[in-house]
Each structure stands twice: as C-alpha cells, then as structure tokens.
Amino acid sequence: MHNNESFYLPQVAEVVGIKEFSPREKFFEIKMPEGPLGHQPGQFVEVSILGVGEAPISVSSSPTKDGDTFEMCIRNTGSLTNKLHQLKVGDKVGIRGPYGVGFPVHDLTGYDLLFVAGGLGIVPLRSMINYAVDRRSEFGKITLLYGSRTPSDMLFAEDIEHWKKVPDFNFMPTVDVADESWGGKIGPITRLFDDLKFDPSKTMSLVVGPPVMFRYVLKAMLAEGIYESHIYLSMERRMKCGVGKCGHCQMDYVYVCQDGPVFPYTRVRNLQEAF
C-alpha cells in the first residue's frame with residue numbers, strides 16, 4: 001500500500017529491456033526499485049522524465065509475470081513519448097502508480113472470456129489476456145478479436161504465436177488494409193462476429209479500442225445476446241494527472257483516471273460523453 005505522500009511522488013525506475021515493434025511503437029521493460037509494481041490487469045502508471053513531462057501509460061504485463069519488472073508498449077505521439085523512444089537500457093524514468101480501476105478478475109473467474117481489441121487497445125488488454133493464460137484453469141474458453149489498420153500494425157507478434165497454442169484460445173484477427181502476405185479477414189472488427197460461436201450467458205466481454213469502435217462493437221455484442229452486465233470497457237482517454245485533480249478526463253460526472261479506466265458497460269451506457 002502507498003502512503004499519501006509517496007503515492008504522488010515518482011519512484012526512480014530503470015529501463016532493463018527495449019524492443020522496437022514498429023517505427024511508432026516501442027516495448028519497454030521497467031524494473032522498480034522496491035520490488036514488483038503490484039498492479040491489477042487494466043491499470044496504468046504515470047511515466048515521467050525530469051524536465052520533459054509526464055504521461056499516463058497502460059501497463060501491458062500481467063501481475064502473474066515472473067520477476068519484479070513490468071512492461072509497457074509506448075507509441076511515439078509527442079514530446080515526452082519521443083524522449084522515451086530515445087531511452088537506452090540502463091536509463092532511468094520516474095514511475096507513479098499504479099492508478100485506476102482495472103479488470104475485475106474475481107468477477108471474471110469461471111467465465112468464457114471474449115476480448116475485443118482495436119488498434120492500440122491490445123496494449124492494456126494484453127495484461128488481462130496473459131493473466132487468463134497464466135491462470136488458464138480459472139477461466140473457460142478464451143476468444144480474442146483483434147482489429148488493426150494493416151498486418152504490420154499488429155503488435156505483440158510473439159505473444160500471438162504463443163496464445164494460438166494455448167488450449168481453447170481462439171485468435172480472430174482482421175485488418176482494414178491488407179498486403180500480399182495477408183490471408184485473413186479484411187474489414188471492420190464487427191465482421192468477426194459473423195464467425196463467432198459462444199454462449200452469451202457464460203461469456204464476459206472486455207473491450208478496448210478507439211472511441212469510434214465502441215459504438216459499433218457494443219451494438220454487435222448486444223445483438224449477439226451478450227448481457228449488458230457482462231461487458232467491460234477500458235476508456236483510457238484524455239487522462240493526464242492520474243489522480244482526479246486536473247479534470248481533463250472527466251466524462252459527465254465520472255473521472256476516467258479514478259473511476260476507470262475500466263468500467264462496467266452498465267455504468268457508462270447513459271453517459272453522453274462516453275461514446
């Protein structure tokens with residue numbers, strides 16, 4: 001547990017691993033100074049570089065991961081992330097957190113899991129996917145729908161190859177624009193629902209993606225008979241301070257950084273700013 005003072009102070013953590021996924025995305029492994037981060041799947045941390053700034057970043061590793069490091073996949077979108085992309089192994093960063101509400105792992109136990117990831121939505125979902133894979137016996141069938149702009153924009157290729165070999169794990173990808181190597185589906189992620197076989201009463205669904213995706217995916221899910229109470233959404237948007245002080249992430253009366261980023265659909269379905 002954090003005391004109130006240390007909760008707001010960054011800890012100095014070390015970059016112990018870096019992989020380049022694409023020209024825009026890099027994967028970082030971070031070692032905390034005092035042992036494991038202690039996060040839940042779906043939570044985020046605030047990452048800072050002295051003199052540059054700070055930004056909220058999803059944790060993409062599961063708390064079941066061995067060792068005392070955690071992982072993040074960071075897209076280069078601005079001054080801070082550009083600086084993060086220039087880091088080398090051995091460099092230091094500031095870490096605050098973990099913050100926010102993650103996926104309700106205990107409520108999901110015993111159910112089939114339907115993951116729906118659009119674009120960068122795979123980053124926070126990877127934490128929960130690996131949690132379910134590492135504790136395979138606690139969950140039913142696992143299905144991952146993954147929509148990406150192009151085949152080369154798909155992240156976590158090594159993980160995907162591993163997931164495909166996991167018992168009762170069904171990986172269903174689609175892309176907006178194919179290349180000559182692509183032999184799979186082309187089109188919006190909702191197309192994948194045509195081939196989906198599942199029992200709505202036994203299925204919990206976890207959805208992460210760009211705001212425009214939610215509306216169409218939710219419509220498709222509800223049409224398939226998934227219970228509204230069985231849908232969870234991660235709505236990471238406009239988050240800044242991470243602790244409900246700055247107000248950037250407010251949607252109607254909720255703060256995404258504190259009340260979320262993971263919400264039951266039943267809590268946000270009537271929020272005008274949510275979709």
Side-chain angles (χ1 to χ4, degrees), residues 21 25 27-28 37 39-45 56-65 70-75 98-105 107-109 111-136 138-149 153-164 166 168-175 188-190 192-193 196 198 203-214 216-218 220-221 226 230-237 239 256 260-265 268:
F21 278 171
E25 282 97 17
F27 181 77
F28 294 85
L37 180 65
H39 67 292
Q40 285 293 305
Q43 286 190 299
F44 67 96
V45 290
I57 306 284
S58 303
V59 178
S60 63
S61 54
S62 168
T64 52
K65 177 182 176 295
F70 73 95
E71 296 161 347
M72 305 179 290
C73 178
I74 300 175
R75 175 174 283 178
Y99 293 133
V101 175
F103 293 106
V105 289
D107 295 343
L108 303 174
T109 302
Y111 284 92
D112 294 343
L113 300 179
L114 171 62
F115 294 98
V116 183
L120 270 186
I122 192 70
V123 175
L125 269 187
R126 176 181 181 260
S127 178
M128 186 62 216
I129 294 168
N130 277 339
Y131 182 94
V133 166
D134 289 345
R135 298 190 164 184
R136 190 68 196 87
E138 295 179 18
F139 302 93
K141 191 170 65 174
I142 300 174
T143 303
L144 169 59
L145 312 187
Y146 183 13
S148 194
R149 201 172 62 79
D153 286 311
M154 288 200 160
L155 302 172
F156 303 120
E158 285 179 28
D159 288 285
I160 288 168
E161 288 310 308
H162 170 61
W163 294 337
K164 286 178 183 173
V166 171
D168 267 342
F169 192 116
N170 186 16
F171 175 63
M172 300 172 66
T174 184
V175 296
I189 199 165
T190 46
L192 298 173
F193 282 89
L196 210 50
F198 65 99
T203 302
M204 287 285 192
S205 186
L206 295 77
V207 187
V208 194
V212 68
M213 184 193 89
F214 283 124
Y216 298 104
V217 165
L218 287 165
M221 280 183 169
I226 292 185
H230 284 197
I231 300 172
Y232 289 87
L233 316 170
S234 181
M235 309 189 81
E236 298 181 343
R237 59 182 75 173
M239 293 195 304
V256 175
V262 176
F263 291 95
Y265 172 60
V268 294

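The closest side-chain heavy-atom distance from Met128 to Val105 is below 4.5 Å. Side-chain contact between Asp112 and Phe198 is absent, with no heavy atoms from C-beta onward closer than 4.5 Å. You'll find the side chain of Pro261 reaches within 4.5 Å of the side chain of Phe44, heavy atoms only. The shortest distance between side-chain heavy atoms of Thr109 and Arg135 does not fall below 4.5 Å.
Taking the six-membered ring where tryptophan is involved, the planes of His39 and Phe70 are tilted, since the angle between them lies from 30° to 60°.
Asp153 and Tyr146 make their closest contact through O-OH, 4.0 Å (heavy atoms, listed as atom of the first residue, atom of the second, distance). Met172 and Leu192 make their closest contact through O-CD1, 3.1 Å (heavy atoms, listed as atom of the first residue, atom of the second, distance). Here the closest non-hydrogen pair linking Thr174 and Ile189 is CG2-CA, 3.8 Å. Residues Gln43 and Val101 share a closest heavy-atom pair of CG-C, 4.5 Å. Between Val116 and Met221, the closest heavy-atom pair is CG2-CE, 3.6 Å. Taking every heavy atom of both residues into account, Tyr232 and Asp107 meet most closely at OH-OD2, 4.1 Å.
Ser58 places no side-chain N or O within 3.5 Å of a backbone atom of Ser60 that could act as its donor or acceptor partner. Panel note: side chain Thr143, backbone Leu114; no donor-acceptor pair is recorded below 3.5 Å. When atom types are taken as modelled, the side chain of Arg136 and the backbone of Asp168 share a donor-acceptor pair closer than 3.5 angstrom.
Within the model, atoms CZ of Arg126 and CH2 of Trp163 stand 6.5 Å from one another, a figure rounded to the nearest 0.5 Å. Leu196 contributes atom CG, which lies 12.0 Å from atom OG1 of Thr190 (distance to the nearest 0.5 angstrom). Ile57 CD1 to Glu71 CD: the interatomic distance, rounded to the nearest 0.5 Å, is 14.5 Å. To the nearest 0.5 Å, the span separating NZ on Lys141 from CG on Asn170 amounts to 7.5 Å. Put simply, CD1 on Ile129 and NE2 on His162 are 11.0 Å apart, with the number rounded to the nearest 0.5 Å. Separating the CE atom in Met204 from the CZ atom in Phe103 is a distance of 13.0 Å, to the nearest 0.5 Å.
Partners of Glu25 according to the side chain to side chain contact (heavy atoms under 4.5 Å, CB included) rule, which considers only residues two or more places apart in sequence or in another chain, are Phe21, Ser22, Cys73, Arg75, Leu120, Leu155.
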*asked:* Show, in sequence, the C-alpha distance, side-chain angles and deciding distance for Phe139 and Val133, and conclude whether the side-chain contact (heavy atoms from CB on, under 4.5 Å) test is met.
replied: CA-CA 9 Å; Phe139 302 93; Val133 166; over 6 Å; no
